[in-house]
Each structure stands twice: as structure tokens, then as C-alpha cells.
2 protein chains.
Amino acid sequence: MTLSQTQRDGTASERIADGLRQSILGGEYPPGSRIIQDDLSARYGGSRIPVREALHQLETEGLVRMVANTGAWVASLTMAECSEVYQTRERIEPLLLRFSAEHLTKETLEQLDDLANRMEQSAEVEEFLELDRQFHFATYRGSTTHTLGPLVARLWNATQPYRRAYTTLVGSRNRRIFHDEHHMLVTALYDGDLELAEQVLALHIRRTRLHLERHPELFDPTPTQ
Amino acid sequence: MTLSQTQRDGTASERIADGLRQSILGGEYPPGSRIIQDDLSARYGGSRIPVREALHQLETEGLVRMVANTGAWVASLTMAECSEVYQTRERIEPLLLRFSAEHLTKETLEQLDDLANRMEQSAEVEEFLELDRQFHFATYRGSTTHTLGPLVARLWNATQPYRRAYTTLVGSRNRRIFHDEHHMLVTALYDGDLELAEQVLALHIRRTRLHLERHPELFDPTPTQ
DNA sequence: TATCGTGACATTGGATACAATGTGGTGTAG
DNA sequence: CTACACCACATTGTATCCAATGTCACGATA
């Protein structure tokens, strides 16, 4: 994944951070789960030192919440916080797309088309989520950004559990507009119509946010629990 | 500072992170400076463990760059990277202002007017930079954001050395428009004209970026040195 | 019975010690 | 004189150990 936040080498803390991040994003640890440092050091081998560094890392990424002398939990968001992240995405992802669009290769455009089609066939939640992520990150593949790419990845990660919960909840109903927007985005990129592509993307994120906001039951009721 | 990134308690790693962050922002360590873990542990007391956690923290904030088994340096930006940060700010700070504006108190509005006036009198670079930061962050004081506030603070911090270099370079010439924009922003907030306030802020950031881009000599010529 | 204090236990934060890795300088060969 | 290899040193990464803090259950008292 080009937008990966850690292109660093193989220190133990990075390995653990990567592994734990994948576990959280994969839904293995749901929001609010307690994280015990000893458990992680046992699971990944090694002492608690790199585990703590990994937890600090994930905390600044917004995936983990740590309280001193008390412990660490998988971060959970209130609806207002999740909505805030989506509104932020709505403003910056079109910018990232702008940086990327003119450098997209023919191959990537074809992959985008393929991904959009495969998503329409996808019935299983995890596959759907993964294809969606791959699709959007592929549209950003042309960017050589220093800050913006990793930032967008962070915002995606922080809201991943709620996309999962929402997708699971609504099943495959009402996804028509969702897929239409993806195809519109691909077409706009093919045509080189950057202005349109930015607008489609902004509306795509916005509509998803509005749908999420119809389901307050998915979110943590209390802030910073 | 309401937008502080670390509202945590008093663990040693947080103390060190806060101290080092202030040192970097204050210009004590210029971009590219090597950071030795032992030096920090001697300066702040304690062992290298909390120092390392602080460095990891500042790395994800974009203030420090670490390479495994090699060392840590104060982050430096190329002009393209700095420009990217400014373009990101141009998109999200108006959003943060939107979240904040309707909750600004009368007292804060008066402080804003006062700060804008004091900046016009300010001749010394450090004071100017500090007042500028205080001014903008005061406009965001009404926001109760979870992600966006700290994010904006991070983007400010990452570009602070280059604002300092630019301000030092150009002296107090050509600041007229800068101050005018501040006063326009205050007026728009007084009037409750949110649309105008957003636009003024976006243009303010944009113009600053364009001015910075006239001085490539301020930046690191090679990416990720 | 409910509430508050108290103690043992679980867990985290940090210091010291050691291993692993990178760096820079010196010497030698070409 | 230059370039390369090698070795000592500096610095970072990690493990183990101990101290500090929070949690939870139990019991005493109102």
C-alpha cells in the first residue's frame, strides 16, 4: 500500500505497530477493547518496551487511547467525532486526488474500473470494505505527497470500525448510488476532468457521512469514555 | 492552548515531548539538527526510555525524523512539502473555523481585535510569530473538535521553522495585506458572516503560501535528506 | 443492607544493563 | 595521493528488573 504510514525498517516496535494496526482494522479488537501490554509482548515475542512504543505510535494515529498508569484501549468515536473526521476527509481527499490525478497511469485507471466492477459483485462485508479501500487508495496512487497521503490513511483507519458496522447493518441494500459514484469518479479521471472528479469525490464522502449519521446506535454514546 | 495535542497527564515521556516540541518550535533546534537520545535524557532527567517514546510521538507529529539504528533529526521540508501542508491547511482550517465561529464568546472576539492590533505594532520576529499563532488559534477556540483541532496544530508546527525564516527574511515590509486580512477576519466573525470568514481565511493561507514559494532558498533542497 | 475504607493483586512506568548496528578514523595497499 | 578495508567507538534497540500506580474484592461499620 503506497499510502502506508510506516515505510520504516524492521524494528520490533514497528512490526508490532503494523500487526496491531491490522488486527484493529480487521475488526479483531473492536472499539473499547482493553489492550494488555503483556498480552501483546507474548503474542509478538519480545519485551514490553517495543509494545509500549507501538501503542504510543497507534495512539497518535488515533487507533488507541492510552491513560497513564491505567492502560490502553482501542479507540472509539462518538457520532460527532466520526462526522468530524468525514467532514475533514470531504475537504482534503479531493485535494489529494488533485495531486494524484494527472500522474495516474493507464494501468491504474484500468484497475480502478476493475475494482469498481468487482465491488458490485461483492457480497461479503470484509471483502467489500477491502475493495473500497483499495479503490480509493488506487485513485491516490499518483500522488507523491509527504503529509497528505499518510494523513488520509489515518483518517480512514480511525473510522474503519464504523464503516464496518454500517456496512454490516445495511447489508447490500441501497448500494446503487455508492457504485454509481465510483463509476462516475473513474469516468471523470479517464476524461481528465479534474474539477468533476473532485466534486464527485466530495459528494461521495458527504453522502456516506449523512448515511452514517442516520445510525447513532453504531457509535459510542459518551466522548473519551 | 486549547488545541494542544497532549492533554495527557504527567508521564515523563509527555513532559519530554512537550519540552522538546517547544524547543523545536522556538527555533532552538533548527531543521536538520541531529538529536541524541542521551543528550535529551541528561537534559530532562531520567533514562532513554521516555526519551524514545517522546521522539516517536514527535515523529508522528512530523517534527522529528527517525531512522532505525541510526538516529533522529529535526524534520526539514522541501518547498513542495511545505506547499503541500499549506494547501492542506487552506482546505481544513476554514472547516475548523466553521465549527468554532458560532461558539466564539464576546471576550474572545475582543481578544482577537486586540491581537490583530498588537501584531501591527510588533517589530520582533518571535513576538510576531507568537501573536500570529495566538490570533489564529483564538479563532478556533470555540471548536470542540476531537481530531481537527490537534491536526491543525500539527500542520502549524511542522511549518513553523519556515514561517520564522520567511518572517526574518522579509522583515516588516509588505505586511500590510497580512494585517488587513486579519482585521477582515475579525470583522466577518463579528458580523457572523461565516461564509466570508471562511473565504478570507482560505485566501490568507493561500497568499502566505504563494509568498513562501517565492523563496526556495529557505527550504531543504533534497527530500527526506 | 449499603457505603466506605483497606489491603492484596494486576498492570503500567521507568532505570539499568547488555546486545546490535551504524559511523568515522586510521592504516595499508595500489 | 587516493581508495578501500578494518577496527574502535558512539549510538541506538531491547530485555530484565524494580518502583509506582490503579483496580477490585473483601470486610467493617453505620
Side-chain angles (χ1 to χ4, degrees), chain A residues 5-21 23-24 29-76 222 224-225, chain B residues 5-21 23-24 29-76 222 224-225:
Chain A
Q5 350 213 339
T6 61
Q7 61 277 37
R8 286 186 249 160
D9 51 65
T11 66
S13 61
E14 284 312 316
R15 273 199 359 260
I16 297 172
D18 290 343
L20 181 55
R21 188 186 300 111
S23 295
I24 292 175
Y29 301 92
S33 308
R34 174 79 186 271
I35 302 173
I36 303 292
Q37 298 180 356
D38 268 331
D39 295 351
L40 288 183
S41 62
R43 170 168 179 172
Y44 291 98
S47 79
R48 271 173 33 231
I49 300 284
V51 167
R52 289 179 43 182
E53 292 182 351
L55 287 174
H56 276 284
Q57 169 83 16
L58 296 189
E59 185 187 25
T60 51
E61 291 178 18
L63 287 179
V64 163
R65 172 169 177 77
M66 297 182 75
V67 180
N69 293 314
T70 305
W73 289 263
V74 177
S76 62
T222 64
T224 69
Q225 83 175 123
Chain B
Q5 350 213 335
T6 61
Q7 60 277 36
R8 285 187 249 160
D9 50 65
T11 65
S13 61
E14 284 312 315
R15 273 200 0 260
I16 297 172
D18 290 342
L20 180 56
R21 188 186 301 111
S23 295
I24 293 174
Y29 301 92
S33 307
R34 175 79 186 273
I35 301 173
I36 303 293
Q37 298 179 356
D38 267 331
D39 294 352
L40 289 182
S41 62
R43 170 169 178 170
Y44 291 99
S47 79
R48 274 172 31 231
I49 301 284
V51 167
R52 291 167 50 88
E53 292 179 352
L55 287 175
H56 277 285
Q57 168 87 13
L58 296 189
E59 186 188 26
T60 50
E61 291 179 18
L63 287 180
V64 163
R65 171 168 178 78
M66 297 182 77
V67 181
N69 292 313
T70 305
W73 290 263
V74 176
S76 62
T222 65
T224 70
Q225 90 175 118

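Letters go in sequence order (proteins before strands), and every chain restarts at 1. Because the structure is predicted, anything quoted here is derived from the model rather than measured.
Using a 4.5 Å cut-off on side-chain heavy atoms (C-beta onward), Gln57(B) and Ser13(B) make no contact.
First and last contacting nucleotides of DNA chain C toward chain A (any atom under 4.0 angstrom from a heavy atom, 5' to 3' order): dT11(C) to dA15(C).
Minimum interatomic distance between Ser33(A) and Pro30(A) (heavy atoms only, all atoms of both residues): OG-O, 2.5 Å.
Residue pairs meeting the salt bridge (charged side-chain N to carboxylate O under 4.0 Å, His left out) criterion with at least one member in residues 40-52 of chain A, sequence neighbours excluded: Glu28(A)-Arg43(A), Arg52(A)-Glu53(B).
In this structure, the side chain of Ser23(B) does not engage the main chain of Arg21(B) through any donor-acceptor pair within 3.5 Å.
By the side chain to side chain contact (heavy atoms under 4.5 Å, CB included) test, Ala54(B) pairs with Ile16(B), Ala17(B), sequence neighbours left out. A search for side chain to side chain contact (heavy atoms under 4.5 Å, CB included) contacts involving Ala72(A) returns Ile35(A), Leu55(A), Val64(A), Met66(A), not counting sequence neighbours.
Electrostatic pairing of Asp18(B) and Arg15(B) does not count as a salt bridge here, judged by no charged N lying under 4.0 Å from a carboxylate O.
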Task: Nucleic acid footprint by protein, nucleotides 5-18 of chain D - heavy-atom cut-off 4.0 Å, B for base, S for sugar-phosphate alone - done: ------SBBBBB--

